[in-house]
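Encoded as structure tokens, the structure appears first; notes follow it.
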Amino acid sequence: RRRVGGSPLGDGAAHLPMTSGLTPPVRHDDDLVPHPFWDGLSQIVERWHRPFIAACVIAMIACGLGLPNLKTSIRIETLFRSDSQIMTDYRWLEEHVGPRVPIEVLVRFDSECELTTYDRVLLVNKVHRELSSLSGVGATLSAVTYLPDPKTPKEAPAIVRRKIAAKVLDDSLPHFDELGVLRTTDGDQTWRITAFVSSIEPLDYGKFLAKVRQHIDPLLQDDEGVTQPNVVASYTGIMPLVHEIQRQLLRDLYDSFVSGFTVITIAMTIVQAGLLTALIPMITNIFPTLIIFGALGWLGLSLDIGSVMT
């Protein structure tokens with residue numbers, strides 16, 4: 001017995017022809033009988049192959065033109081039927097309780113900030129009022145919501161009322177921390193202002209978060225348009241976070257399609273010893289992708305993680 005390459009792999013390769021001859025494939029007579037439907041379809045395609053190929057090419061081009069109209073969505077109503085129990089519960093909560101999606105604005109004053117607690121609460125109050133005035137906001141929650149009544153006489157001078165209010169605010173800081181609207185860490189204070197928006201209304205959370213940033217950033221500036229030192233605002237929320245995650249997943253899906261087609265094309269070019277002969281088989285791989293995603297674009301249907309997975 002001759003060894004191929006002097007390795008067990010070579011011995012196995014040498015025995016392959018012999019083993020295949022000893023165990024020929026088993027055929028059944030039923031496999032040789034064509035199905036009437038598929039046999040008829042194959043004959044139609046064979047007879048009218050030119051119009052059939054032309055129709056497929058036209059369909060690919062037409063659906064490909066719909067790709068720019070393809071939209072992505074993280075809306076909950078695109079994941080469930082309108083008559084499902086979860087959608088019914090969401091509508092009931094929106095009607096009887098209020099909006100359920102939180103948009104968070106975190107205003108941080110670092111340890112070197114010279115603003116007093118009174119001035120910081122005034123700034124938080126400005127942010128609170130600005131958020132409440134935005135279209136689409138159903139409710140707003142912050143430390144301003146829980147401010148105690150300082151019970152200051154109206155006839156008292158302004159400086160006296162301010163000192164009393166400042167004393168009440170300083171005493172209320174531990175209470176704000178327990179309520180979750182204030183967090184103090186190593187001298188830094190972070191005040192939390194939450195705006196609640198609808199979970200079932202057609203609202204792009206990413207664009208709404210950009211709108212919030214556009215309205216709140218000017219409030220952190222002084223009269224000369226310069227941002228106050230040691231004061232920073234952050235914008236976040238569970239739905240904007242999910243929005244960015246899904247957008248990144250869909251972007252990665254696009255990149256995987258492009259990289260997959262590229263790798264397959266290179267491999268087919270090497271196997272077929274030519275670029276043209278490799279591109280022709282690639283049409284069958286691109287065809288279903290263009291048809292499905294292009295049709296979604298033309299029909300105005302949103303693409304979400306649920307539709308991609310199914």
Is [X] linked to [Y] within one hydrophobic cluster, defined over Ile, Leu, Val, Met, Phe, Trp and Tyr using a side-chain heavy-atom separation of less than 4.5 Å?
X: L220; Y: F109; answer: yes
X: Y146; Y: F196; answer: yes
X: I286; Y: L65; answer: no
X: M60; Y: L299; answer: yes
X: V57; Y: L67; answer: no

Hey, could you give me the [atom1]/[atom2] distance between [X] and [Y], rounded to the nearest 0.5 Å?
X: E104; Y: T236; atom1: CD; atom2: OG1; answer: 7.0 Å
X: F176; Y: T145; atom1: CZ; atom2: OG1; answer: 9.5 Å
X: D83; Y: M87; atom1: CG; atom2: CE; answer: 10.0 Å
X: Q214; Y: Y235; atom1: CD; atom2: OH; answer: 10.5 Å
X: I103; Y: R213; atom1: CD1; atom2: CZ; answer: 12.0 Å
X: H128; Y: L219; atom1: NE2; atom2: CG; answer: 13.0 Å

| said: Applying side-chain contact (heavy atoms from CB on, under 4.5 Å) to R183 and D177, what does each step give before you reach the verdict? | reply: CA-CA 6 Å; R183 183 70 63 196; D177 190 272; 3.4 Å; yes
Within a radius of less than 6.0 Å around [atom1] of [X], do more than 12 heavy atoms belonging to other residues, nucleotides or ligands occur?
X: R91; atom1: CZ; answer: yes
X: K211; atom1: NZ; answer: yes
X: F261; atom1: CZ; answer: yes

I need the minimum non-hydrogen distance between [X] and [Y], along with the two atoms involved.
X: D188; Y: S111; value: OD1-N, 2.7 Å
X: C113; Y: P229; value: SG-O, 4.4 Å
X: S132; Y: T140; value: OG-OG1, 2.9 Å
X: I291; Y: C63; value: CD1-SG, 3.7 Å
X: S199; Y: Y90; value: OG-CD2, 3.1 Å
X: A195; Y: V137; value: CB-CG1, 3.9 Å

Within the 4.5 Å heavy-atom criterion, are [X] and [Y] side-chain neighbours or not?
X: V144; Y: V124; value: yes
X: L179; Y: H175; value: yes
X: L173; Y: T184; value: no
X: V105; Y: W191; value: no
X: D170; Y: Y118; value: no

| message | Please determine whether side-chain contact (heavy atoms from CB on, under 4.5 Å) holds for the pair I44 and F52, giving the CA-CA distance in whole Å, both sets of side-chain angles, and the decisive distance to 0.1 Å. | response | CA-CA 9 Å; I44 293 175; F52 185 79; over 6 Å; no
| Under the side-chain contact (heavy atoms from CB on, under 4.5 Å) criterion, do L131 and I216 qualify, and how do the steps go? | CA-CA 8 Å; L131 285 178; I216 300 303; 4.2 Å; yes
| field | Identified side-chain contact (heavy atoms from CB on, under 4.5 Å) partner of R120 from the options N125, L115, L169 | value | L115
| Backbone N or O of A62 within a donor-acceptor pair of the W298 side chain at under 3.5 Å? | yes
| task | State whether a side-chain donor-acceptor pair under 3.5 Å links D39 with Q43. | result | yes
| query | Does a donor on one side chain sit under 3.5 Å from an acceptor on the other, for T116 and D119? | reply | yes
| Steps toward side-chain contact (heavy atoms from CB on, under 4.5 Å) verdict (E94, S198) | CA-CA 7 Å; E94 292 275 343; S198 175; 3.3 Å; yes
